[in-house]
Structure formats: C-alpha cells, structure tokens
Peer 1: 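Got a structure for you, questions after.
All chains are named by letter (A, B, ...) in the order of the sequence lines, taking the proteins before the strands, and each is independently numbered beginning at 1.
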2 protein chains.
Amino acid sequence: MANINEVAKLAGVSVATVSRVLNGQDVVTPKTRLKVEDAIKKLNYEPSMLGRNLRNSESRVLLVLIPSISNPFYFEIIKGIEATALDYNYNILLCETDSNPERENIYFDLVRKKMADGIISMDPAVNIDTLKSLSEKHSIIQCSEYSTEGNIPYVTIDNEDAAYRAVKHLIKLGHQKIALFNSNEKYLYARQRKEGYIKALKEFNLPVKEEYMIYTDQLGFDNGSQATKKIMNLKDRPTAIFAVSDLLAIGALKELNSAGVNVPDEMALIGFDNIDFSNMTHPTLTTIAQPMYQMGTVAASMLINKINGKHVENTVLNHELLIREST
Amino acid sequence: MANINEVAKLAGVSVATVSRVLNGQDVVTPKTRLKVEDAIKKLNYEPSMLGRNLRNSESRVLLVLIPSISNPFYFEIIKGIEATALDYNYNILLCETDSNPERENIYFDLVRKKMADGIISMDPAVNIDTLKSLSEKHSIIQCSEYSTEGNIPYVTIDNEDAAYRAVKHLIKLGHQKIALFNSNEKYLYARQRKEGYIKALKEFNLPVKEEYMIYTDQLGFDNGSQATKKIMNLKDRPTAIFAVSDLLAIGALKELNSAGVNVPDEMALIGFDNIDFSNMTHPTLTTIAQPMYQMGTVAASMLINKINGKHVENTVLNHELLIREST
DNA sequence: GTTGTTTATGTAAAGGATTACATTTTTGTA
DNA sequence: TACAAAAATGTAATCCTTTACATAAACAAC
C-alpha cells in the first residue's frame with residue numbers, strides 16, 4: 001500500500017507538501033494541491049493512522065468503562081458519547097469490566113500504553129484508588145457514578161432529589177407503606193437515593209421501617225423478583241415499591257403479575273432509569289428518566305477538553321419523573 | 001514519560017536488549033534481564049503501543065459492526081468476540097452503524113487507515129458492494145447475517161431449519177392457523193426463515209396464506225404490536241404467531257395482554273433469539289436460541305486467523321428451540 | 001535591476017518501538 | 001592456550017507521519 005513518499009514522488013513535490021494537503025492547510029498553491037490530489041487518487045493512497053498517531057503522540061481513542069454491555073442503562077449514554085466523540089474525530093473503545101479488577105486492569109493498561117487518550121468511567125465498582133493514581137497522568141471523567149476522592153471530574157444527576165420526588169409522588173397518591181429496593185450502600189448513588197427516600201417519608205411524617213428496605217447485590221431482574229417475594233411475606237405488606245433500577249422494578253412486576261397482585265391497584269411501582277423496556281411492560285412502568293444522551297455528550301466533551309489541557313467543571317444534570325401505568 | 005532509550009541507558013544495555021526483554025525472548029541472560037527489569041520499574045516505563053504498532057504495521061484492533069448497540073440480540077455475540085479478542089491480545093471497537101451508510105463509511109475508513117486490522121460485520125443492512133471491495137485488501141468476516149457475494153467468510157445458523165422447527169412445534173400443538181411476523185425480505189435471514197415457515201406448513205398440508213404473513217420494517221417492539229393489531233383484525237384470526245425476533249414477539253405480547261387475549265390459550269407465540277428479556281415477560285416466551293456466545297468466539301477466531309493469513313472456512317452452528325410458557 | 005517581503009516548498013529530525021545483521025562475549029574442545 | 005562454534009548483545013534501518021526550520025520563488029517598491 002502506498003505511503004506518503006510515493007505520493008510525493010508521483011506528484012513531484014516533497015512529503016511536507018503532501019502532508020499539508022492532507023491536513024487541509026491553506027498555504028498550498030491550488031496548482032500543487034491539484035497535483036497532490038491527483039497522485040493520491042492514482043495511488044489509492046490512505047494516510048496511515050499508525051504513523052500519524054505516533055508522530056502526534058495520540059491514539060484518538062476514548063475508553064468507556066461499563067460493568068456490562070447488556071445493561072440498558074448505558075445505551076443512550078454511550079450513544080451520546082459516541083456521537084460527540086465522532087464529531088471530534090475520536091473513536092470509542094467500549095470496555096466491559098464485569099466489575100472484575102483484572103479486566104479493568106487490561107483496559108487501564110491501554111491508556112498507560114497510549115492505545116487510548118482518556119477514560120470515561122461508568123463502572124460503580126471501579127477501583128477508585130487505581131482510578132485516582134491513573135488520573136494523575138491521564139485524562140479521566142466519571143459519568144453517572146462518581147467518587148469525590150481524587151478530584152476526578154464527573155457528570156451526574158441529583159440522585160437524592162430524584163428519589164425524593166419519586167417517593168413523594170407515591171405519597172401524594174395516598175401510599176403510606178412504601179418499600180425501597182436499593183442496591184448495596186457501598187455505591188454512592190445507593191446512599192443518595194436512600195437519603196431521598198427517607199427525606200420524603202420524614203417530610204410527611206411517615207415511619208422509616210428497616211423491613212421495608214431491601215438491599216440487593218445486583219440491579220438485575222432476578223434480584224427484583226426475589227426482593228418482591230420478601231416484601232410479600234411481610235405481615236404488614238407495603239402498598240408501593242420504589243426500586244432504584246428499572247430492571248429491579250421489572251423483576252418485581254413479573255413476580256407481582258405471577259402472584260396475581262394487580263399493579264398499580266394493589267401495589268404501585270416506580271423504577272429508575274427509563275430503559276426502553278420500562279415502556280414495554282404490562283403495565284408500563286413509572287420511572288425516573290435521566291438525560292442519558294446528554295450525560296454522554298457532556299462526559300465526552302469534558303473528556304476531550306481535559307485531554308486538550310483545558311479546565312473542566314463537574315456537571316449535575318436534570319432528571320424527570322415519568323408517570324405511567326404502574327402508579 | 002520514559003521511552004525505550006532511557007530504559008536502555010539506565011540499564012546500561014542497548015534498546016534491542018530492552019525490546020527483547022519486553023517481548024519475553026529467552027536469548028537474554030538472566031543477569032541482563034534483571035538489570036532491564038529494574039530500569040523499567042525505576043522509570044515506571046510502559047511501552048508505547050503507538051511505536052510498536054507502527055513498526056509492526058498493525059493496530060491490534062478489531063472492528064465490530066452492528067446496527068444498534070441497544071439490540072439485545074448482539075450482546076452475547078459481542079461478549080464472545082471480546083473474550084476471544086482479549087485472549088489474542090486484540091481489542092474491539094464496537095461500531096454502531098444505525099444502518100446509515102455514512103456512519104458505516106466512517107468505520108470502514110478506520111480499517112483503510114490502519115486503525116483497525118479487520119472487521120466482523122453483523123449489520124444486515126451493510127453495503128455489500130463496499131464490503132466486497134474492502135475485503136479484497138482487508139480481513140473481513142460476516143457474522144449471523146451474510147451474503148455469499150464476494151466470498152467473504154461467514155458464521156451463522158441454519159435459519160431455515162430453525163424456523164421450520166419452530167412452526168412444526170406450533171403445528172404439533174394443534175395450531176393450524178399460524179401467522180408469520182417477518183422482516184423485510186431483502187435480508188437473507190428473512191427469506192430463509194420464511195422458507196422454513198412454508199416448508200413446515202406444506203409438510204402438514206396447511207395452506208400458506210399471504211394475509212398471515214406480516215412484514216415489518218424493523219424488528220422492534222413497536223413493529224410487533226402493530227403487526228399484532230393487523231392480525232387481530234382478520235376475519236379468520238390465527239391462533240399462533242411465529243415472530244422472527246423476540247422484540248417483535250414481546251411487542252405482540254404487550255398488545256395481546258392489553259387486548260385481554262390469553263397467551264398461550266387463545267394465541268400461542270414464538271420468538272427468535274432468546275434475548276434476556278424473553279425470559280422476563282409474562283408469560284415467558286418460547287423462542288429459538290442461537291449459540292450467540294459461540295458465534296462470537298468463532299467469528300473472532302476466524303477473523304484473527306484471516307488477519308494472520310490463514311485460510312478460514314464458513315461455519316454453520318446449531319440452534320435450539322426453547323419451549324416456555326407462551327406455547 | 002536591486003533589495004526586501006511574503007509566500008510556497010523542501011529538508012531532515014522526531015516520535016517509539018522491532019529486528020536483520022554485525023559484533024562481541026562466552027563456552028567448549030583440542 | 002588457542003580456536004571454533006554458539007550465545008548474547010549492539011548498531012542502525014525501518015515503519016509513516018508531522019513540523020520546525022531552511023531555502024527557494026514570487027512579487028513589490030524604489
């Protein structure tokens with residue numbers, strides 16, 4: 001395959017001129033530009049990113065760390081990241097960590113070895129110490145889940161307020177016994193959403209009952225059904241569930257449907273994230289919508305700015321309560 | 001950041017020796033190896049992929065073309081590809097084409113420009129001419145959807161047989177009026193699955209009715225509910241639906257549930273692909289499982305072999321009918 | 001027709017690794 | 001001890017661009 005030298009030779013100019021044409025620099029005379037463009041076409045020349053990247057000490061690749069590729073929560077975010085990345089001539093490497101430190105490390109290595117110019121971390125289970133030390137030499141942005149340790153810039157929503165509004169919505173509908181399906185409190189968002197839940201209950205003088213708060217290992221479908229079974233066995237059964245993820249809520253819904261419990265009449269249900277499927281269930285799911293796509297575009301812009309040495313600020317975006325059939 | 005020269009200087013050896021240590025070549029004396037390793041540690045040296053890749057004329061990146069990242073059909077395949085790629089020290093660049101030729105071209109450019117070493121194409125809407133001409137100089141594998149034009153190696157399942165078996169299953173359950181929810185026949189798999197559908201009907205002397213065959217633009221949830229509405233309005237309403245994708249089937253299910261039609265008693269339902277959600281619906285969905293993960297690993301191995309100049313053979317994998325609550 | 005500016009083009013170094021080939025060191029043997 | 005063969009290490013070219021700096025060409029002004 002032809003390289004820049006052959007193009008230069010055929011066009012009768014120097015490689016510098018070819019490079020200038022390639023990069024659209026306007027110092028080149030129209031006449032020479034034409035000669036070069038002809039030669040490029042004749043030789044079917046495509047500039048090699050390998051050479052260019054080495055010379056420019058960049059890879060134009062952004063790493064996106066997610067726990068699992070099949071988690072619908074991340075889809076729109078990723079689309080947002082991708083769109084922005086492409087706009088700025090970057091490509092994204094989607095990295096599924098499985099929340100497995102070993103895999104995580106494979107991917108971190110890519111930025112150490114200059115295969116990637118920066119990282120957008122969306123894995124709640126990320127090793128924050130590694131991330132911190134990596135962020136000293138490399139550009140990193142946290143998206144959605146974050147830690148304030150290490151001063152790594154982040155973009156997120158106000159989780160506490162979102163949970164607060166969801167629970168308040170249930171209370172306004174007359175519910176007094178509201179269960180919380182939360183994930184492990186080692187995650188910041190879990191703690192924040194619990195705060196919101198409690199805040200709403202307290203505001204309306206409702207008791208905060210430990211037995212109504214179910215913690216699940218993961219945010220999956222099965223965890224949702226299991227949590228529901230626990231709730232259903234309580235003497236004083238709640239009349240509403242606020243689940244911190246749609247998948248949890250959909251698991252609950254499946255369980256409730258199977259048990260013949262009518263939703264929303266006998267049990268109201270709110271999810272979190274507004275994944276596509278939350279609108280495909282029967283009944284459709286009331287949920288909190290985060291501005292996913294925007295979160296992605298913002299994260300990508302922040303990262304690209306950081307890579308270019310600009311200063312970036314943390315960003316908190318707005319959420320929205322989508323009221324549907326399940327409440 | 002340190003480079004190989006500084007390591008060599010500090011260790012008191014030549015860059016060649018450092019490189020040999022880096023690449024685990026055993027010609028190096030244990031004593032020198034130690035010196036080099038010390039220097040590497042002291043300088044916190046990480047070899048740059050940029051330099052290495054340029055020298056080796058490779059990027060160690062595989063392109064994976066999919067129409068949409070949110071289509072659950074691809075999840076397991078991608079996981080399979082990724083696992084195999086990592087085993088062989090490749091990374092995958094997940095490319096969402098949106099079945100948009102312009103985007104497709106951005107990604108094709110990456111392999112032209114040596115940012116990627118090969119392509120696994122899973123986009124049914126891919127421009128086959130471009131793919132063909134690209135395959136003359138670059139390594140390409142088709143996964144799941146394929147065209148025999150251009151002799152590009154592929155891995156797939158026997159779609160006709162899968163459809164045949166699904167429909168036969170319905171017939172054995174006593175159904176005589178079976179609808180087909182198919183996608184556009186410009187796609188090979190659509191034609192093949194229709195063949196299987198017809199083959200089963202004919203084998204049992206059942207009529208093949210045009211009005212029972214609904215074609216949808218996309219394989220999404222909405223298309224499924226719309227198709228169901230059409231079916232429900234027929235004078236001679238079918239008693240079973242075979243949908244060529246789970247999303248179509250889940251859309252149908254939602255519509256049937258809303259209309260108060262009992263599944264499977266009044267309407268049996270079979271999907272295709274065994275996506276995660278097919279097991280989360282109420283009732284759970286009978287479906288055809290393709291060996292997704294394996295399809296991914298096979299595709300990746302084939303591509304890597306092709307990149308390394310080996311000959312690769314087309315592969316047809318086995319599928320499986322999963323009988324669940326909806327039939 | 002000089003001289004001085006501006007503008008266009010060319011030269012060569014740099015970026016960071018790998019490796020064929022050359023050279024040096026070690027080992028083995030007579 | 002001397003020499004040959006084998007093993008370890010070093011030198012320098014190569015992969016392909018970009019770009020600072022040098023040079024050449026074009027043009028303007030006197």
Side-chain angles (χ1 to χ4, degrees), chain A residues 1-40 43-61 89 109-117 137, chain B residues 1-40 43-61 89 109-117 137:
Chain A
M1 222 166 298
N3 64 17
I4 201 174
N5 281 299
E6 300 173 43
V7 174
K9 201 177 295 170
L10 181 62
V13 300
S14 74
V15 290
T17 301
V18 177
S19 176
R20 284 189 269 256
V21 170
L22 248 30
N23 293 291
Q25 288 177 252
D26 48 358
V27 286
V28 186
T29 278
K31 202 171 60 177
T32 22
R33 175 186 307 280
L34 229 62
K35 281 194 297 184
V36 172
E37 281 165 353
D38 272 1
I40 289 176
L43 292 174
N44 236 310
Y45 167 72
E46 296 273 357
S48 158
M49 285 293 193
L50 299 175
R52 162 178 303 187
N53 287 348
L54 171 60
R55 170 62 216 220
N56 293 344
S57 290
E58 62 175 11
S59 61
R60 299 211 82 82
V61 166
N89 251 298
D109 256 356
L110 292 183
V111 42
R112 296 197 189 100
K113 292 183 180 165
K114 309 219 181 196
M115 266 285 272
D117 295 340
K137 297 215 169 211
Chain B
M1 221 167 297
N3 64 17
I4 199 172
N5 281 298
E6 301 172 43
V7 175
K9 200 176 295 169
L10 181 62
V13 300
S14 75
V15 291
T17 301
V18 177
S19 175
R20 284 190 270 255
V21 170
L22 248 30
N23 294 290
Q25 288 177 251
D26 48 357
V27 287
V28 186
T29 279
K31 202 171 60 179
T32 21
R33 175 186 307 280
L34 228 63
K35 281 193 297 182
V36 173
E37 280 165 354
D38 271 1
I40 289 177
L43 292 174
N44 235 310
Y45 166 72
E46 297 273 357
S48 158
M49 285 294 192
L50 299 175
R52 164 179 302 190
N53 287 348
L54 172 59
R55 170 61 217 221
N56 293 345
S57 290
E58 62 174 11
S59 61
R60 298 211 81 81
V61 167
N89 250 297
D109 256 357
L110 293 183
V111 42
R112 295 195 189 101
K113 292 183 180 165
K114 310 220 180 196
M115 267 285 272
D117 295 340
K137 298 215 169 212

Peer 1: Working to the nearest 0.5 angstrom, can you tell me the gap between B:I40 CD1 and B:L10 CG?
Peer 2: 10.5 Å
Peer 1: Rounded to whole Å, please give me the gap between CZ in A:R20 and P in D:dT19.
Peer 2: 10 Å
Peer 1: Check whether any side-chain heavy atom of A:E6 lies under 4.5 Å from a side-chain heavy atom of A:N3, and answer yes or no.
Peer 2: yes
Peer 1: Taking the side chain as everything from C-beta on, heavy atoms only, tell me whether A:K114 gets closer than 4.5 Å to A:N53.
Peer 2: no
Peer 1: Please name the pair of heavy atoms, one in A:V21 and one in A:E37, separated by the smallest distance, quoted to 0.1 Å.
Peer 2: CG1-CG, 4.2 Å
Peer 1: Answer yes when A:D109 and A:R112 have at least one side-chain N-carboxylate O distance shorter than 4.0 Å, and no when they do not.
Peer 2: yes
Peer 1: Does any residue of residues 27-40 of chain B have a heavy atom under 4.0 Å from DNA chain C, and if so, which ones, in number order?
Peer 2: none
Peer 1: Counting only heavy atoms and a strict 4.0 angstrom limit, can you tell me which residues of residues 44-60 of chain B come near DNA chain D?
Peer 2: B:L54, B:R55
Peer 1: Let me confirm one number: the CG-CG distance from A:D38 to A:L43, rounded to the nearest 0.5 Å.
Peer 2: 10.5 Å
Peer 1: Using salt bridge (Lys or Arg N to Asp or Glu O under 4.0 Å) as the criterion, list what pairs up with B:E58, not counting sequence neighbours.
Peer 2: B:R60
Peer 1: Just to be sure I understand the geometry, which residues of residues 9-19 of chain B put a non-hydrogen atom under 4.0 Å away from DNA chain C?
Peer 2: B:A16, B:S19
Peer 1: Restricting to non-hydrogen atoms, name the atom on A:A8 and the atom on A:S14 that form the minimum distance, rounded to 0.1 Å.
Peer 2: CB-C, 3.7 Å
Peer 1: Is any side-chain heavy atom of B:I4 less than 4.5 Å from a side-chain heavy atom of B:P47?
Peer 2: no
Peer 1: Check the pair B:V36, B:R33 against side-chain contact (heavy atoms from CB on, under 4.5 Å), reporting the backbone distance first and the verdict last.
Peer 2: CA-CA 5 Å; B:V36 173; B:R33 175 186 307 280; 5.8 Å; no
Peer 1: Tell me the interatomic distance from A:L22, atom CG, to D:dT18, atom C1', rounded to whole angstroms.
Peer 2: 10 Å
Peer 1: Base, sugar-phosphate or nothing for B:N5? Non-hydrogen atoms, less than 4.0 Å.
Peer 2: nothing
Peer 1: Please give the angle, rounded to 10 degrees, between the axes at the start and the end of the helix from C:dG1-D:dC30 to C:dA30-D:dT1, where five pairs define each axis.
Peer 2: 50°
Peer 1: With heavy-atom distances below 4.5 Å as the criterion, would you say the side chains of A:R55 and B:L54 are in contact?
Peer 2: no
Peer 1: If you look at every heavy atom in B:A11 and B:A39, which pair is closest and at what distance?
Peer 2: CB-CB, 3.8 Å
Peer 1: Please round to the nearest 0.5 Å and tell me the distance separating atom OG of B:S48 and atom CE of B:M1.
Peer 2: 9.5 Å
Peer 1: Does anyone know the first and last nucleotide of DNA chain C in reach of chain A, 5' to 3', at under 4.0 angstrom to a heavy atom?
Peer 2: C:dA8 to C:dG16
Peer 1: side-chain contact (heavy atoms from CB on, under 4.5 Å) for A:R52 and A:N23? Distances and angles first, verdict last.
Peer 2: CA-CA 11 Å; A:R52 162 178 303 187; A:N23 293 291; 3.6 Å; yes
Peer 1: Give me the one residue out of B:V18, B:L22, B:T17 that meets side-chain contact (heavy atoms from CB on, under 4.5 Å) with B:R20.
Peer 2: B:T17
